[in-house]
4 protein chains.
Amino acid sequence: MSEIGHNSEAFGESPDVINQDAQGRLRSFVARLETLDDQKDDILSDAKEVYAELKGEGFDPKAIRKLISLRKKDRAKVIEAKTILELYASALGCLDLV
Amino acid sequence: MSEIGHNSEAFGESPDVINQDAQGRLRSFVARLETLDDQKDDILSDAKEVYAELKGEGFDPKAIRKLISLRKKDRAKVIEAKTILELYASALGCLDLV
Amino acid sequence: MSEIGHNSEAFGESPDVINQDAQGRLRSFVARLETLDDQKDDILSDAKEVYAELKGEGFDPKAIRKLISLRKKDRAKVIEAKTILELYASALGCLDLV
Amino acid sequence: MSEIGHNSEAFGESPDVINQDAQGRLRSFVARLETLDDQKDDILSDAKEVYAELKGEGFDPKAIRKLISLRKKDRAKVIEAKTILELYASALGCLDLV
DNA sequence: GGCTTGGAATAGCTTC
DNA sequence: GAAGCTATTCCAAGCC
């Protein structure tokens, strides 16, 4: 393991200097990413509140999640999935379950 | 079973109808949630760019993902660490001794 | 799109039909999976009994669940721990130095 | 924290003796539960293989999961219905008819 | 019986 | 484009 933070002898190309530079850039990248992650968590938290609110008004959170998910998904794919399920159920003779 | 937005008092209307008010609130909730979801997608997109950038500078994206994940877990772990001791005592059936 | 068990080549038959062979294999797969699922349920049932028993002896089931979960994670962590060091080096862009 | 494993002065009722006993029983319970958990993991692993296999034959794993889930729920309902019937028959003193 | 936690499944991104 | 890994989502079991 090479000692990080040990500034070796004022040479511009020594491995340690490279590491120190890399370390600085790494810190910067990590900071940016963690900031973004925090923002994402805030948004998820907000969404959670909205779900709590609508639940408080008597709506079904689960149903609304599903609804939003469906709106986001491609309609064609939804239909295809349903078709396959019916196909298999039919093969098993339990179409009534679908 | 009581249904929100169900306006069938003494009317012969279909049960599958929601009143105007509930419909409006539902639209509002869905709009808010979809806005939040869009923002989340933007952030994920930004993070993606950052990963592309750091990769371009020779860093390993996978490793940095792991790093950030570990840092996040560590922060979370400190918070729950205080409960573990009690938990162990409780597991031994001698919580009263702690 | 190629569909397994879809025997409609040049026939006017419904697309929602599976051929005999595919149907047989499907039945077989489902049977195997349902057998496995039954076995899993038996095991979960046994575990439930153990938890009831230990609760009867004054232990805290919730704590013990947590304990077992932590032990499982620990074991997993030990296995991956050896990769983390390389990962950190990699994150710094200096894997070659390790 | 009380020192576990320290057998204090040969008294049968000291807390440490109680703890040692509790510790032994705890170990036993944990061992039983972890064995069961291992078995469960084996079964899940087997199921995973089956899903991989059927996928290899062109079936849609997701659809089959759904199908099995539906069949399971259905069976549960059938069993429940039968139970209720027996319950009523029993109440009417005509269990022999069921 | 709902609510909350934990585990399993799915989907998306990454790499080969 | 297929396969593995990670992250999110979903669901069910457990507890109050």
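Protein chains get the first letters and strands the later ones, always in sequence-line order, with residue 1 at the start of each. The analysis underlying the following values was restricted to heavy atoms, covering all of them including side chains, and did not include hydrogens, waters or symmetry mates.
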Per nearest nucleotide of DNA chain F, the residue lying toward the 5' end, A/R65 or C/K48, is A/R65
Look at all strands and tell whether B/K40 reaches a base, only sugar-phosphate, or nothing, counting heavy atoms closer than 4.0 Å. sugar-phosphate
How many whole angstroms separate atom [atom1] of [X] from atom [atom2] of [N]?
| X | N | atom1 | atom2 | value |
| --- | --- | --- | --- | --- |
| B/K73 | F/dT8 | NZ | P | 11 Å |
| A/L70 | E/dA11 | CG | P | 12 Å |
| B/D60 | F/dT6 | CG | C1' | 14 Å |
| A/L44 | F/dT8 | CG | P | 8 Å |
| C/K66 | E/dT4 | NZ | P | 16 Å |
| D/K55 | F/dG4 | NZ | C1' | 11 Å |
| C/E49 | F/dA13 | CD | C1' | 16 Å |
| A/I64 | F/dC10 | CD1 | C1' | 17 Å |

With a 4.0 Å cutoff (strictly under), does any side-chain N or O of C/S69 reach OP1 or OP2 of E/dG6? no
Once you round to the nearest 0.5 Å, how far does OG of A/S90 lie from CG of A/L85? 11.0 Å
Pairing of D/K72 and C/D41 as salt bridge, 4.0 angstrom limit: yes
Salt bridge C/D74-C/K77, side-chain N to carboxylate O under 4.0 Å: no
On DNA chain E, compare the nucleotides closest to D/D41 and B/K62; which residue's is nearer the 5' end? D/D41
Determine whether A/L33 and B/Y51 satisfy the following criterion, side-chain contact (heavy atoms from CB on, under 4.5 Å), listing intermediate values before the conclusion. CA-CA 9 Å; A/L33 289 168; B/Y51 277 112; 3.7 Å; yes
